[in-house]
Each structure stands twice: as C-alpha cells, then as structure tokens.
Amino acid sequence: MSGPTGGAAGERVGIDELLARVRAGLDRVDARTAYEAYEAGDALLVDTRYAALRERDGLIPGALIVERNELEWRLDPLGSHRAPQAYSHDLRVVVLCNEGYASSLAAASLRQLGLHRATDVIGGFQAWKAAGLPVLLPATGAPRSR
C-alpha cells in the first residue's frame, strides 16, 4: 500500500523530503501568474495565513481567507461546510501562505480531495508583496501596490 506522496505506507520521511515530493506533483505558480489567473477569472486565491500575519502585512483583495485548519472543510465541493466559491472539483485553487511552504502541503491535501488543479504560490504572500501586487494595508484598508 502506498501513502499520499507515493511512498510506502508507514515510511518515515522528513519534512524536507515530504515537501520535495509534494511539490513535484504540483504545478506551482509565481505571484504574478496567480494574480493574472485570478484577474482572468480562472483561479480562486485562498489565503491560509493566520490572523496575526494578515493584520501585520495586509490582505490580498479578492482572496478567500481560510485558515489552514479549516481548509479541507471549506474547499471540499461535496462538503456540508464548503465555502460558496468551492463549487467544483475542476476549480483552480491557488493557495497562499506566508512564504510558500505550508501552502504546498495544503495544495497537496486539496488534490487528495479531488481538486486536481489545486496549487500554490512560490514564495507565498511575501513574494506577492515583493512583486508589487495589490495588498490592502492592515490599518487603513487602503490598496497598496508598487
């Protein structure tokens, strides 16, 4: 029997190896590509950063905020607790965390639910911000881009 990353069930693997295996199965995108897909209506951006990071760094306009511990319940198209945006297994879900590590694991988990187009942003929110893409500042709610 094999595990979710192609290894044997019960196989011991470190997080770096697990992350490499998971990422090998994803079509990861850079921040600009994620933004363009969202703007074209071809992707649902999902921000999984916890509240303190969102309050510190700001929000991505239009992104669905779903903390990591609720992700599978909110994005499962068959689930009773799904977000309205999670209407199909064909939905392209692009997950962002702070720096692009936890989001890879989250995207792999969504793929296990059948969301076969789920992926994540290389570098996460920090790469988004560094690319000068739209961010709502935490204190004012005013848009900021470079």
Go through the steps for Asp90 and His116 under the test side-chain hydrogen bond (donor to acceptor under 3.5 Å, both in side chains), then give the verdict. CA-CA 7 Å; Asp90 292 326; His116 62 97; 2.7 Å; yes

Arg68 and Asp47: salt bridge (charged side-chain N to carboxylate O under 4.0 Å, His left out), yes or no, with the steps? CA-CA 9 Å; Arg68 178 63 189 95; Asp47 186 346; over 6 Å; no

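- Between atom CG of residue Leu18 and atom CG of residue Leu105 there is a gap of 5.5 Å, rounded to the nearest 0.5 Å.
- Residues Val93 and Leu45 fall into different hydrophobic clusters, defined by Ile, Leu, Val, Met, Phe, Trp and Tyr side chains chained together at heavy-atom separations under 4.5 Å.
- Of the possible donor and acceptor atoms, one in the side chain of Arg28 sits under 3.5 Å from a partner among the backbone N and O of Gly100.
- Side chains of Val135 and Leu59 form no contact here, defined as non-hydrogen atoms less than 4.5 Å apart.
- For Trp128 (side chain) and Pro134 (main-chain N/O), a donor-acceptor pair under 3.5 Å exists by modelled atom type.
- Note that CD1 of Ile122 is 11.5 Å distant from CG of Leu96, once rounded to the nearest 0.5 Å.
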Salt bridge (charged side-chain N to carboxylate O under 4.0 Å, His left out) between Arg21 and Glu11, worked out: CA-CA 13 Å; Arg21 289 180 188 184; Glu11 172 188 14; 3.0 Å; yes

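- Here the closest non-hydrogen pair linking Leu44 and Leu91 is CD2-CD2, 3.8 Å.
- A distance-only check finds no donor-acceptor pair linking the side chain of Arg82 to the backbone of Trp73 [under 3.5 Å].
- Connection of Ile15 to Val22 is established within a shared hydrophobic cluster, with ILVMFWY side chains joined at heavy-atom distances below 4.5 Å, either directly or through further cluster members.
- Ile65 is not connected to Tyr50 by any chain of hydrophobic side-chain contacts under 4.5 Å among Ile, Leu, Val, Met, Phe, Trp and Tyr, and they are in different clusters.
- Cation-pi geometry between Arg49 and Phe125 is satisfied (NZ or CZ under 6.0 Å from the ring centre, within 45° of the ring normal).
- Closest approach of Ala107 to Ala118, counting heavy atoms only: O-CB, 3.8 Å.
- Scanning both residues, Leu26 and Ala108, for their nearest heavy atoms gives CD2-N, 4.3 Å.
- Lys129 has no carboxylate O lying under 4.0 Å from a charged side-chain N of Glu99, or vice versa, which leaves the two without a salt bridge.
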Working note: Glu67 + Arg54, criterion salt bridge (charged side-chain N to carboxylate O under 4.0 Å, His left out); need CA distance, chi angles, decisive distance, verdict. CA-CA 11 Å; Glu67 293 205 15; Arg54 294 191 312 268; 3.6 Å; yes

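- Ionic pairing of Arg92 and Asp27 is not present here: no N-O contact between side-chain nitrogen and carboxylate oxygen is shorter than 4.0 angstrom.
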Please step through side-chain contact (heavy atoms from CB on, under 4.5 Å) for the pair Val95 and Leu110, ending with a clear verdict. CA-CA 10 Å; Val95 182; Leu110 292 176; 3.9 Å; yes

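- Using modelled atom types, one side-chain atom of His89 and one backbone atom of Leu113 make a donor-acceptor pair closer than 3.5 Å.
- Within the model, atoms CG of Asp76 and NE2 of His81 stand 10.5 Å from one another, a figure rounded to the nearest 0.5 Å.
- Of the inter-residue distances, the one linking Leu75 atom CG with Leu64 atom CG reads 6.5 Å to the nearest 0.5 angstrom.
- A 4.5 Å side-chain heavy-atom check between Tyr101 and Leu19 finds at least one atom pair inside the cut-off.
- Of all heavy-atom pairs spanning Leu71 and Ala106, the tightest one is CD2-CB, 3.5 Å.
- In terms of hydrophobic clustering, with Ile, Leu, Val, Met, Phe, Trp and Tyr side chains grouped at heavy-atom distances under 4.5 Å, Val121 and Val66 are assigned to different clusters.
- With Ser103 as reference, Asp120 is the one residue of Thr48, Asp120, Asn98 to meet the side chain to side chain donor-acceptor pair (under 3.5 Å) rule.
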